[in-house]
A.B. asks: 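Would you mind keeping the following structure in view while I ask a few things?
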Amino acid sequence: YGMLRNIYNNTRFKFYGLCADEGYATENTAVAPMAFNAPASHNNFNDEWNILYRAVYRANALLENLDRNPALNPARVSQIKGEALFLRGYFYLLLVQHWGGVPLILEPASSPFDILVPRSSVQEVYQQIISDLETAEPLVPSITSLGFGGRASKSAVRGMLARVNLHMAGYPLNDKSRLAEVSKWAKMVMDDPEAQHALNPSYSQVFINYAQDKYDIKESIFEVEFYGQVGVGNMQGY
């Protein structure tokens, strides 16, 4: 989960919204992503690519070695496996959204040559994401048993499956057959009698809750833990 902090603290993600009124750039924009003229070798793109694949490698290493310690509780192992699969699927979702087809690396590298993997198609990447998330869904706990949105829960996995299928239904795959899956997974989130997800009726209260270190798992299904929740012990860093 610590890699999520690195992903969303990366400069590249700070550029989202600069085309509109959500922010502005204070650095030199002569050659930069916000000027729409940056080459593929620009540091901001390199940083994002490297961080995401470092995250994938960590998930792969965990999945590869998870079953090698017989002292671990089997139920705990299953939960960790589900969380790692959810994270790997999410990392690949960010990769395919930003670069299209990317190399699918599903095992930890054992030599420098293992990183020389050909690019997979957009369809293949999305299918792997779906596979990871659908495998994760029965393994992770409910969000109510967790009590916060900083880890993978059934609600988070189901919500992400709805999002992934929605992307598949649009450009570039335009696979309209995925819309039924969107409806299926979104409905499982909406109709969950235990979680009872609902938007907070007060928009300002969403931010007041954050300022007061209060979780609202009905409103916030999945979030990246930064600094905060000091007394709860869920923070990942700055």
Side-chain angles (χ1 to χ4, degrees), residues 1-8 52-94 104-110 125-165 181-182 184-198 213-226 228-237:
Y1 287 92
M3 292 305 295
L4 288 169
R5 175 200 66 205
N6 295 341
I7 289 168
Y8 286 101
L52 284 167
Y53 269 106
R54 281 170 55 203
V56 167
Y57 271 104
R58 287 192 181 191
N60 287 341
L62 178 57
L63 290 165
E64 177 76 12
N65 294 284
L66 194 53
D67 295 325
R68 296 185 178 181
N69 187 348
L72 292 177
N73 183 296
R76 179 65 174 148
V77 169
S78 292
Q79 178 181 336
I80 294 173
K81 179 181 178 181
E83 294 183 58
L85 286 168
F86 168 81
L87 289 172
R88 186 173 72 178
Y90 183 63
F91 299 147
Y92 271 117
L93 175 61
L94 296 177
L104 269 178
I105 301 172
L106 305 176
E107 296 178 356
S110 57
V125 176
Y126 270 114
Q127 288 297 342
Q128 183 60 49
I129 295 169
I130 292 289
S131 175
D132 280 354
L133 294 179
E134 288 187 346
T135 304
E137 194 268 343
L139 302 178
V140 296
S142 67
I143 194 169
T144 51
S145 65
L146 288 174
F148 67 105
R151 297 185 78 89
S153 66
K154 291 191 185 301
S155 295
V157 176
R158 292 166 181 170
M160 202 61 66
L161 276 163
R163 175 177 293 189
V164 171
N165 279 287
E181 290 293 297
V182 176
K184 166 189 162 184
W185 292 108
K187 197 164 173 52
M188 289 178 73
V189 175
M190 296 165 62
D191 296 344
D192 187 334
E194 181 182 354
Q196 297 182 2
H197 289 297
D213 274 352
K214 292 180 181 178
Y215 284 108
D216 180 2
I217 58 175
K218 290 187 177 182
E219 155 95 22
S220 180
I221 292 177
F222 182 65
E223 57 193 65
V224 179
E225 301 282 358
F226 278 83
Q229 300 299 324
V230 178
V232 185
N234 297 325
M235 64 180 184
Q236 294 288 350

A.B. asks: Looking at A59 and A84, what are the two nearest heavy atoms and their distance?
C.D. replies: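 Closest pair (atom of A59, atom of A84, distance): CB-O, 4.0 Å.
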A.B. asks: Please name all residues satisfying side chain to side chain donor-acceptor pair (under 3.5 Å) with D132, sequence neighbours left out, ordered by chain then number.
C.D. replies: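 Residues passing side chain to side chain donor-acceptor pair (under 3.5 Å) with D132: R88, Q128.
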A.B. asks: Check whether any side-chain heavy atom of E107 sits under 4.5 Å from a side-chain heavy atom of N60, and report yes or no.
C.D. replies: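 A side-chain contact is absent here, since even the closest heavy-atom pair is not under 4.5 Å.
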A.B. asks: Kindly indicate whether the side chain of F86, heavy atoms from C-beta on, has any atom under 4.5 Å from the side chain of L139.
C.D. replies: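 No, too far: nothing below the 4.5 Å cut-off.
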A.B. asks: Measure across S145 and P141 and return the closest heavy-atom pair with its distance rounded to 0.1 Å.
C.D. replies: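 Residues S145 and P141, closest heavy atoms: OG-CB, 3.4 Å.
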A.B. asks: Between OG1 of T135 and CD1 of I130, what distance do you get to the nearest 0.5 Å?
C.D. replies: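 The distance works out to 10.5 Å.
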A.B. asks: For R54, check side chain to side chain contact (heavy atoms under 4.5 Å, CB included) against everything at least two apart and list the hits.
C.D. replies: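 For R54 the side chain to side chain contact (heavy atoms under 4.5 Å, CB included) partners, ignoring immediate neighbours, are M3, N6, I51, R58.
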A.B. asks: How would you list, by chain and number, every residue that makes a side chain to side chain donor-acceptor pair (under 3.5 Å) with Y90, sequence neighbours excluded?
C.D. replies: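 Residues passing side chain to side chain donor-acceptor pair (under 3.5 Å) with Y90: Y8.
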A.B. asks: Please identify each residue that fulfils side chain to side chain contact (heavy atoms under 4.5 Å, CB included) with L87, with sequence neighbours left out.
C.D. replies: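 Here the qualifying residues are Y1, L4, F91.
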A.B. asks: Heavy-atom distance under 4.5 Å between the side chains of E181 and E134, does that happen here?
C.D. replies: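 Side-chain contact under 4.5 Å: yes.
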A.B. asks: Filter on salt bridge (charged side-chain N to carboxylate O under 4.0 Å, His left out), then keep only pairs touching residues 139-148, sequence neighbours left out; what's left?
C.D. replies: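 Qualifying pairs: none.
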A.B. asks: Look at the side chain of K154 and the backbone N and O of E137, then say whether any donor-acceptor pair between them is shorter than 3.5 Å.
C.D. replies: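 Checked: pair present.
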A.B. asks: Any donor-acceptor pair under 3.5 Å linking the side chain of S131 with the backbone of Q127?
C.D. replies: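 No, because the side chain of S131 does not come within donor-acceptor range (under 3.5 Å) of the backbone of Q127.
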A.B. asks: Over all heavy atoms of both residues, which pair between G82 and A136 is shortest? Give the atoms and the distance, please.
C.D. replies: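 That would be O-CB, 3.2 Å.
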A.B. asks: With sequence neighbours excluded, what pairs up with S153 under the side chain to side chain donor-acceptor pair (under 3.5 Å) test?
C.D. replies: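 Not a single residue meets the side chain to side chain donor-acceptor pair (under 3.5 Å) criterion with S153.
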A.B. asks: Please report the closest heavy-atom contact between G150 and E225, naming both atoms and the distance.
C.D. replies: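 Smallest heavy-atom distance, with atoms named: CA-OE2, 3.3 Å.
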A.B. asks: Can you name the salt bridge (charged side-chain N to carboxylate O under 4.0 Å, His left out) partners of D192, sequence neighbours left out?
C.D. replies: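 Checked D192 against salt bridge (charged side-chain N to carboxylate O under 4.0 Å, His left out); matches are R158.
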A.B. asks: Can you list every pair that meets salt bridge (charged side-chain N to carboxylate O under 4.0 Å, His left out) and has a residue in residues 65-87, with sequence neighbours left out?
C.D. replies: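 Of all non-adjacent pairs touching residues 65-87, those that pass salt bridge (charged side-chain N to carboxylate O under 4.0 Å, His left out) are E64-R68, E83-R151.
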A.B. asks: Residues in ring pair (Phe, Tyr, Trp, His ring centres under 6.0 Å) with Y126, at least two apart?
C.D. replies: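 None.
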A.B. asks: Return the minimal non-hydrogen interatomic distance between L66 and V77, and the atom names on each side.
C.D. replies: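 The pair with the smallest heavy-atom distance is CD2-O, 3.4 Å.
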A.B. asks: Who pairs with I217 by side chain to side chain contact (heavy atoms under 4.5 Å, CB included), at least two apart in sequence or on another chain?
C.D. replies: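 I143, T144.
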A.B. asks: Name all residues meeting the side chain to side chain contact (heavy atoms under 4.5 Å, CB included) criterion together with E219; count only those two or more places apart in sequence or in a different chain, and write none if there are none.
C.D. replies: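 For E219 the side chain to side chain contact (heavy atoms under 4.5 Å, CB included) partners, ignoring immediate neighbours, are L199, N200, V206, D216.
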A.B. asks: Is it the case that the side chain of Y92 and the backbone of I105 share a donor-acceptor pair, with hydrogens and angles ignored and the cut-off at 3.5 Å?
C.D. replies: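 Here the side-chain-to-backbone pair exists.
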A.B. asks: If the condition is side chain to side chain donor-acceptor pair (under 3.5 Å), which residues does K187 pass it with, not counting sequence neighbours?
C.D. replies: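 Testing K187 for side chain to side chain donor-acceptor pair (under 3.5 Å), a comparison that skips the adjacent residues, returns D191.
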A.B. asks: For M160 and L93, which heavy atoms make the closest approach, and how far apart are they?
C.D. replies: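 Closest heavy-atom pair between M160 and L93: SD-CD2, 4.0 Å.
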